[in-house]
Amino acid sequence: MLEVEEALAIVLDRTRPRTPVETALTPRALGRVLAESVTSELDSPPFAKSVMDGYAVRSADATSSVALTVIEEVAAGKTPTKTIGPGQATRVMTGAPIPFGADAVIPHEQTELTENTVQLRRPVAAGEFVIPRGREMAAGEVVLNKGTVLTPAVLGLLSAVGRTTVIAQPVPRLAVVPTGDELVEPPAAPGPGQIRNSNGPMLMAQATRAGAEARYMGIARDDRDALRNLLDDALAASDIVVLSGGVSAGKYDYVPDVLRELGVEAHFHKIRMKPGKPLFFGTRGETLVFGLPGNPLSSFVGFELFVRPALRKMSGYAIPGPVFVGLPLAAPLEASNDRPTYAPGRLEVSSEGQRVRGAAWFGSADLRGLAGADALIRLPAGSVKYASGYIVSTLPVN
Ligand code: AMP
Ligand code: MG
């Protein structure tokens, strides 16, 4: 049986970033990945400017605490009209251009003004409180590389260089298809033998959080024709199709068969992990298909371990994850599992830093246990008995 790492490698090997598209730079572009490098078309700052309210002076005049004649006042957004000569100074506000002749600024608080004469309380060195032209970036310089993630600061920088659109990776389209004859949609009350469909909303939310444009296809019944029709639609209009249920070896688990009929090539169908062993992965062209087992924890873990990394790689991220971190246990942890296990955990912050505590869960149907968790703890196969403080491999998920 495949190990989790081998299965992830197969998934990522089949995942291609999509064709980049022109993207408007609104807050909705947050988290998208640049598919071009961006060059500045101007020097920034565009002129040498003061970073203080004070007086622009010639440092050559100000080797001691001299008195200088104030010849002009320049606010931010205004331009100096006079060149500073020997014995002269100009009052400048924060952000104002430095007048010709001056090479330094002395802050207002370190001076004394009488009429139009300013007394400096100290000598001033060349360059003090002045940002030279082009210090941040020069015209023609590459300021953002291809592969940069659009963060608030990056969106700000793109505006500073005059961009309103960029070429970026598109948002992957992901279809969610819960399957099962026993499912009813909330708010309907489950009849005998029925349960509410909780995986549909959970997977839609996981997909949205992972940066996908998620489309809900509705429940597919355990019937070959119904399943085929729904999946045909889902495959035609999606980069990723995520099914829940119907992938085990049960009598009505038609998903793998129907996918094969629709031209989906199967790459694996079982992983040595708990929860979520019967996880199906296939492709049709560049579309990825994940069949997650129906138990809520199995669906959740399968999504975080395989679907989310595929989504991120498709979105252009250099590191698709999942990124596990080593955290000390907040309490002892004992477990016995026949397969490597991803158990719900809770992150805690104390004065000693972050720790993780194993959450109570009774198995892969325990959605309530999962709802109280915000991490998955990776445990090896076999029996383990860890003391408090033992470092465990942890995947934060919320
Ligand atoms: P399956 O993988 O179809 O054999 O389903 C495994 C278990 O998960 C069964 O107990 C199902 O009733 C349950 N299950 C399947 N789909 C869902 C769903 N969408 N929401 C909640 N539970 C589900
Ligand atoms: Mg089922």
Side-chain angles (χ1 to χ4, degrees), residues 1-2 7 174-210 212 214-231 233-234 238 240-261 264 266 268-282 289-308 339 341-344 361-373 397:
M1 217 184 308
L2 280 181
L174 185 151
V176 171
V177 188
T179 75
D181 278 347
E182 74 279 32
L183 303 178
V184 296
E185 295 286 23
Q194 296 184 322
I195 59 167
R196 288 200 180 97
N197 164 31
S198 54
N199 289 346
M202 181 180 74
L203 290 167
M204 285 294 289
Q206 283 179 283
T208 304
R209 182 171 69 178
R215 179 157 73 119
Y216 183 59
M217 305 296 296
I219 297 167
R221 297 302 168 190
D222 292 327
D223 162 286
R224 283 174 188 275
D225 292 332
L227 203 51
R228 192 181 298 112
N229 285 337
L230 239 166
L231 287 178
D233 280 357
S238 313
I240 300 181
V241 176
V242 176
L243 294 113
S244 92
V247 287
S248 313
K251 188 170 166 207
Y252 302 102
D253 292 335
Y254 299 130
V255 167
D257 268 5
V258 169
L259 287 171
R260 195 169 311 120
E261 288 166 27
V264 174
F268 59 76
H269 193 163
K270 268 194 179 57
I271 303 176
R272 192 166 162 264
M273 66 183 274
K274 192 172 157 180
K277 178 166 85 168
L279 195 152
F280 173 95
F281 173 65
V289 182
F290 295 89
L292 308 177
N295 268 311
L297 251 72
S298 307
S299 275
F300 183 89
V301 171
F303 188 99
E304 295 300 321
L305 293 188
F306 301 102
V307 184
R308 186 171 192 273
R339 284 163 270 151
T341 296
Y342 296 81
W361 64 301
F362 63 73
S364 54
D366 188 7
L367 183 55
R368 185 175 170 197
L370 179 63
V397 291

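In listed order, ligands and their atoms are each counted from 1.
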Which atoms form the tightest heavy-atom contact between Asp253 and Pro256, and what is the distance?
-> O-CD, 3.9 Å

Is the shortest distance from a heavy atom of Arg196 to ligand 1 less than 4.0 Å?
-> yes

For Ser244, is the nearest heavy atom under 4.0 Å from an atom of ligand 1?
-> yes

What is the nearest protein non-hydrogen atom to atom 2 (O) of ligand 1, stated with its residue, atom name and distance?
-> Gly294 N, 2.8 Å

Identify the two heavy atoms, one from Asn295 and one from Ser364, that lie closest to each other, and give their separation to 0.1 Å.
-> CB-O, 3.3 Å

Near Ser248, which atoms of ligand 1 are under 4.0 Å from a heavy atom of that residue?
-> 2 (O), 4 (O)

Looking only at heavy atoms, which two atoms of Ala175 and Met217 are closest? And how far apart?
-> CB-CG, 3.9 Å

What residue and atom, counting heavy atoms only, is the protein's closest point to atom 9 (C) of ligand 1, and at what distance?
-> Glu182 OE2, 4.1 Å

Pro296 and Asn199, any side-chain heavy atoms less than 4.5 Å apart | yes

Within-shell test, Ser198 vs ligand 1, heavy atom, strictly < 4.0 Å | yes

Among Val247, Asp253, Val176, Asn197, which residue places a heavy atom closest to atom 19 (N) of ligand 1?
-> Asn197

Where the side chain of Asp181 meets the backbone of Asp222, is there a donor-acceptor pair that is under 3.5 Å apart?
-> yes

Give the single entry among Asn199, Thr179, Leu367 that approaches atom 17 (C) of ligand 1 most closely by any heavy atom.
-> Asn199

Judged by atom type as modelled, is there a donor-acceptor pair below 3.5 Å linking the side chain of Thr179 to the main-chain atoms of Gly245?
-> yes

Taking only heavy atoms of Gly246, which atoms of ligand 1 are found under 4.0 Å from at least one of them?
-> 1 (P), 2 (O), 3 (O)

Given that the side chain starts at C-beta and the backbone is N, CA, C, O, which of these parts of Ile219 lies under 4.0 Å from ligand 1, counting heavy atoms, or is it both or neither?
-> neither

Which residue supplies the protein heavy atom nearest to atom 22 (N) of ligand 1, what is that atom called, and how far is it?
-> Ile195 CD1, 3.4 Å

Can you tell which of Leu203, Val301, Val247 makes a side-chain contact (heavy atoms from CB on, under 4.5 Å) with Leu292?
-> Leu203

Between the candidates Val255, Asn295, Leu292, which shows the shortest non-hydrogen contact distance to atom 6 (C) of ligand 1?
-> Asn295

On the 0 to 90° scale, with breaks at 30° and 60°, tag the Phe280-His269 ring pair as parallel, tilted or perpendicular.
-> perpendicular

